[in-house]
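Worksheet for the structure shown next.
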2 protein chains.
Amino acid sequence: MLQSAPRGAVMDANAKITVLKRSNLFGGLPPETLEAGAEAAKERKLDKGDALFQQGDDATTHYIVASGRLRLDQATPDGKNVVLRFMGPGDLVGSVAVMRDIPYPATPIAADETRVLSWTQARMMDLMQAHPALAMKAINMMGGRIEELQERLQQVATQQVERRIAATVLKIVGQSGRKTEAGVEIPFPLSRQDLAEMTGTTLHTVSRTLSAWIEEGIIEGRRSSHIVIKRPHRLVEISEQA
Amino acid sequence: MLQSAPRGAVMDANAKITVLKRSNLFGGLPPETLEAGAEAAKERKLDKGDALFQQGDDATTHYIVASGRLRLDQATPDGKNVVLRFMGPGDLVGSVAVMRDIPYPATPIAADETRVLSWTQARMMDLMQAHPALAMKAINMMGGRIEELQERLQQVATQQVERRIAATVLKIVGQSGRKTEAGVEIPFPLSRQDLAEMTGTTLHTVSRTLSAWIEEGIIEGRRSSHIVIKRPHRLVEISEQA
DNA sequence: CGAGTGATTGAAAGAAGTCAAATCGCGTGG
DNA sequence: CCACGCGATTTGACTTCTTTCAATCACTCG
């Protein structure tokens with residue numbers, strides 16, 4: 001029926017509205033705002049490893065993650081890489097750059113098969129004009145991002161590596177953890193390299209640290225692509241240790 | 001005349017407008033917006049070392065620095081301290097917390113004698129309602145803060161200490177440097193401890209690093225409260241060195 | 001089964017932190 | 001005006017944490 005729908009599009013209007021309800025930008029707004037937002041949205045599917053856009057591209061589009069997971073990578077001038085954050089359903093991607101009219105400062109890569117909704121700058125402007133609460137939500141969202149960055153800066157600036165890794169794992173667990181029989185599982189692939197680039201260390205140090213945790217029974221066995229935490233409380237202790 | 005003006009208030013309406021013109025929030029907005037903003041503003045003077053408010057306080061007030069310099073300190077749960085940034089004339093203080101309705105996440109301390117303008121949450125809301133461009137500017141300001149934090153996170157996560165110190169000194173020079181006969185001067189007191197807390201290192205390492213720079217003739221002599229950079233270009237090299 | 005990618009681990013080097021002590025500069029009070 | 005005391009700074013010696021370098025290993029995919 002919808003001949004113009006992008007390849008791989010499978011979400012109907014209700015599914016889109018459900019996604020928007022969970023999002024930082026539309027969450028808590030009245031139904032007519034959600035409907036207007038859903039109507040204006042396009043859908044796009046990314047396979048694991050695909051980039052949503054490239055760092056340095058002109059920022060023309062707002063995105064919200066519908067399902068799956070994006071890893072936001074920032075390449076440094078000297079060829080290293082920093083993982084700014086992982087983003088899951090409901091998270092806004094690209095909006096800060098679009099609103100400031102600067103190039104995208106990082107590249108979002110699908111950590112798993114991922115679906116996103118998108119709005120052009122113009123459409124989002126119209127939406128914000130028609131629904132002023134959206135602008136307030138945008139401010140709120142950006143404030144949350146600032147808070148998060150300040151916390152990470154503080155961690156990287158003052159804490160030792162093991163604490164940072166513990167805190168990072170716990171944050172991801174808090175955002176995306178799934179309870180299983182064995183413990184809490186991180187439901188998407190998270191490599192040692194990823195953790196290293198999130199915590200500002202090397203994959204070697206991460207590997208050693210996780211090996212020690214496995215030894216201690218804090219997390220589950222080796223070389224499985226999904227990390228399982230068996231003793232979250234112990235991780236909390238590590239993340240708070242003086 | 002103005003019996004209700006706070007102690008130490010010395011700015012007339014024009015002086016306030018001049019400050020607003022230079023600010024991130026009001027800069028570039030039409031004269032009537034500036035006038036409305038200036039009219040709604042209160043003034044406050046801080047002596048060196050005074051706190052504008054305390055981390056953890058309810059965020060009820062927006063501030064803009066009129067003159068002087070504030071150091072934004074964040075105390076960590078384990079008793080350390082991180083300097084989030086220095087703020088000078090035109091910079092907004094506290095607004096992120098006010099708009100998100102969360103406690104102030106840090107304490108701004110006057111690094112020197114400092115004057116600020118302030119608006120209650122309600123007054124600022126009225127202003128934003130009456131002048132929609134203000135909300136857009138607020139979004140822009142927050143975006144800039146996010147960018148800055150991402151850059152610092154990247155630095156702390158990937159660069160060695162000397163590079164970070166060099167980059168930090170250069171950033172401060174870019175924001176506040178004054179040219180003198182001897183070189184570029186940072187016109188407010190900046191201790192080794194301050195630099196350490198900005199770069200995530202110890203005052204010992206900062207002291208050693210600056211001593212080496214003095215040795216090399218990059219900056220000026222020791223134990224003077226205002227740092228003078230004699231060879232900025234060399235500092236740029238250090239901040240970019242692989 | 002072989003290649004390739006990611007992970008693990010040992011050994012050595014290096015960067016920065018900790019501990020400790022001396023020094024300097026400045027303001028205070030005699 | 002000068003001695004005293006305090007806080008900031010400098011510096012040396014040592015320790016520790018991380019990284020770097022180098023192999024090896026495990027698992028997955030073709």
Side-chain angles (χ1 to χ4, degrees), chain A residues 47-49 71 78-83 109 111-112 155-166 168-169 186 188-216 219-228 238 241-242, chain B residues 47-49 71 76 78-83 109 111 155-166 168-169 186 188-216 219-228 238 241-242:
Chain A
D47 290 325
K48 178 174 172 175
R71 186 190 64 230
D78 47 309
K80 294 182 186 175
N81 192 51
V82 175
V83 175
I109 307 268
D112 231 347
Q155 286 176 359
V156 181
T158 66
Q159 300 177 359
Q160 305 201 201
V161 169
E162 186 178 19
R163 274 185 79 173
R164 305 205 301 262
I165 299 174
T168 301
V169 169
I186 292 175
F188 58 92
L190 181 69
S191 71
R192 312 299 192 230
Q193 182 73 41
D194 291 338
L195 275 172
E197 288 174 354
M198 295 189 80
T199 51
T201 180
T202 63
L203 85 158
H204 306 282
T205 301
V206 171
S207 181
R208 285 180 227 278
T209 304
L210 296 203
S211 291
W213 290 355
I214 290 167
E215 200 67 29
E216 229 197 294
I219 64 176
E220 198 158 78
R222 35 204 73 204
R223 296 180 201 274
S224 79
S225 75
H226 291 354
I227 294 177
V228 176
I238 291 171
Q241 99 210 158
Chain B
D47 289 325
K48 179 175 170 174
R71 186 188 65 229
T76 76
D78 47 309
K80 295 181 185 174
N81 193 52
V82 175
V83 175
I109 308 268
Q155 287 176 356
V156 180
T158 66
Q159 300 177 358
Q160 322 206 152
V161 168
E162 187 179 20
R163 274 185 78 172
R164 305 205 301 261
I165 299 174
T168 301
V169 169
I186 292 175
F188 57 92
L190 180 70
S191 71
R192 311 299 192 233
Q193 182 75 41
D194 291 339
L195 275 172
E197 289 174 353
M198 295 188 80
T199 51
T201 181
T202 62
L203 84 160
H204 306 280
T205 300
V206 171
S207 181
R208 285 182 230 275
T209 303
L210 296 203
S211 291
W213 290 355
I214 290 167
E215 201 67 30
E216 229 196 295
I219 63 177
E220 199 158 77
R222 34 205 74 203
R223 296 181 200 273
S224 80
S225 75
H226 291 357
I227 294 176
V228 176
I238 291 172
Q241 100 210 157

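Any value given below was found using the heavy atoms of this structure, including those in side chains, with hydrogens, waters and symmetry copies removed.
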Q) Quick one: A/H226 NE2 to C/dA7 P, roughly how many Å, whole number? A) 13 Å
Q) So what does A/S207 touch, heavy atoms closer than 4.0 Å: a base, only the sugar-phosphate, or nothing? A) base
Q) Is A/R71 salt-bridged to A/D112, cutoff N-O under 4.0 Å? A) no
Q) Is the shortest side-chain N/O distance from B/T201 to OP1 or OP2 of C/dA16 below 4.0 Å? A) no
**Q.** Between P of D/dA26 and CG of A/L210, the distance in whole Å
**A.** 18 Å
Q. Rounded to the nearest Å, what distance is computed from the CD1 atom of residue B/I214 to the P atom of nucleotide D/dT9?
A. 11 Å
(Q) Using whole Å, what does the distance between atom P of nucleotide C/dG17 and atom CD of A/Q159 come to? (A) 15 Å
Q. Can you check whether B/Q193 has a side-chain N or O nearer than 4.0 Å to OP1 or OP2 of D/dA8?
A. no
Q) Does D/dT18 have OP1 or OP2 sitting under 4.0 Å from an N or O in the side chain of A/T205? A) no
Q) Is any N or O donor-acceptor pair between the side chain of B/R208 and the base of D/dG12 shorter than 3.5 Å? A) yes
Q: State whether the side chain of B/T76 and the backbone N or O of B/K80 hold a donor-acceptor pair below 3.5 Å, judged by distance alone.
A: yes
Q. Are any side-chain N or O atoms of A/R164 and backbone N or O atoms of A/T199, one a donor and one an acceptor, separated by less than 3.5 Å?
A. yes
Q) Does OP1 or OP2 of C/dG6 have a side-chain N or O of A/S191 closer than 4.0 Å? A) no
Q) Between A/R163 (CZ) and D/dT18 (P), how many Å, whole number? A) 12 Å
Q) Would a distance-only check, ignoring hydrogens and angles, find a side-chain to backbone donor-acceptor pair under 3.5 Å from A/S211 to A/S207? A) yes
Q: Examine C/dT9: is either OP1 or OP2 under 4.0 Å from a nitrogen or oxygen in the side chain of A/S211? Give yes or no.
A: yes
Q.
Can you say whether a donor on the side chain of A/H204 sits under 3.5 Å from an acceptor on the base of C/dT9, or the other way round?
A. yes
Q | For atom CG of A/L203 and atom C1' of D/dT20, their distance in whole Å | A | 12 Å
Q: For B/E162 and C/dG14, give me the distance from atom CD to atom P, rounded to whole Å.
A: 17 Å
**Q.** Polar pair under 3.5 Å, donor/acceptor by atom type, side chain B/R192, base D/dT11
**A.** no
**Q.** B/L190 CG - D/dA8 P separation (whole Å)
**A.** 13 Å
Q.
What I want to check is whether the side chains of B/W213 and B/E162 have a donor and an acceptor closer together than 3.5 Å.
A. yes
